[in-house]
Amino acid sequence: MHRVLFVCLGNICRSPTAHGVFRQAVIDADLQDRFEIESAGTGDWHLGKAPDPRAQAQAAARGIDISDLRARAVFPEDFDDYDHILAMDAQNLADLKAMQPVGSRAKVSLFLDHLSGHEGESVPDPYYGGEEGFQTVYALVEATTESLLKQWGKA
Ligand code: 4NP
């Protein structure tokens, strides 16, 4: 069983995209009994909100519905409840490392460390930009999802 938590700042653009795309890929591969998937934000401005309409539109254009997701904050318990916590950018990673309780089990890493050729890179925050930023987010999420499933789908 792989318990995976995707984390960004607001939990309305990048991490819900990863949540929804990874969830669909797991369903398509018929691996639902092997994964538990969730997303959260390090910030708390958007609690309870559905994903940004621009993020929803990118997913919907590929037949993936993420409208049911709701923003929540990262909790200290998450570091024991999840095996993998994937940070969308370097600031999210630093914030997660600062809040990780000593001795907790989760492996905290940068999301793009799991995409060959993009190690150490951040998924750019698209919130204050245009549609192009959301397209970039979607493409990076799609490629990383494929790579993660190759890595984790076997065991
Ligand atoms: P996310 O994008 O971290 O990918 O969900 C953002 C959403 C909201 C804000 C920043 C980033 N904000 O400042 O409200």
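Note that ligands are numbered from 1 as they come in the structure, with each ligand's atoms numbered from 1 the same way. Values below: all heavy atoms of this structure, side chains included; hydrogens, waters and symmetry mates excluded.
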One pair to check against side-chain hydrogen bond (donor to acceptor under 3.5 Å, both in side chains): Ser104 and Asp80. What are the steps and the verdict? CA-CA 5 Å; Ser104 55; Asp80 279 308; 5.1 Å; no
Within the 4.0 Å heavy-atom sphere of ligand 1, strictly under, residues: Cys8, Leu9, Gly10, Asn11, Ile12, Cys13, Arg14, His46, Asp125, Tyr127, Tyr128
Give a yes or no answer on whether the side chain of Ser147 reaches the backbone of Ala143 with a donor-acceptor pair at less than 3.5 Å. no
Backbone N or O of Arg72 within a donor-acceptor pair of the Asn11 side chain at under 3.5 Å? yes
Heavy-atom neighbours of Glu132 CD exceed 12 at 6.0 Å: no
Given Gln24 and Asp28, is the side-chain hydrogen bond (donor to acceptor under 3.5 Å, both in side chains) satisfied, shown in steps? CA-CA 6 Å; Gln24 188 60 49; Asp28 291 346; 3.0 Å; yes
Restricting to ring pair (Phe, Tyr, Trp, His ring centres under 6.0 Å), what partner residues turn up for Phe22, sequence neighbours left out? Phe6, Phe35
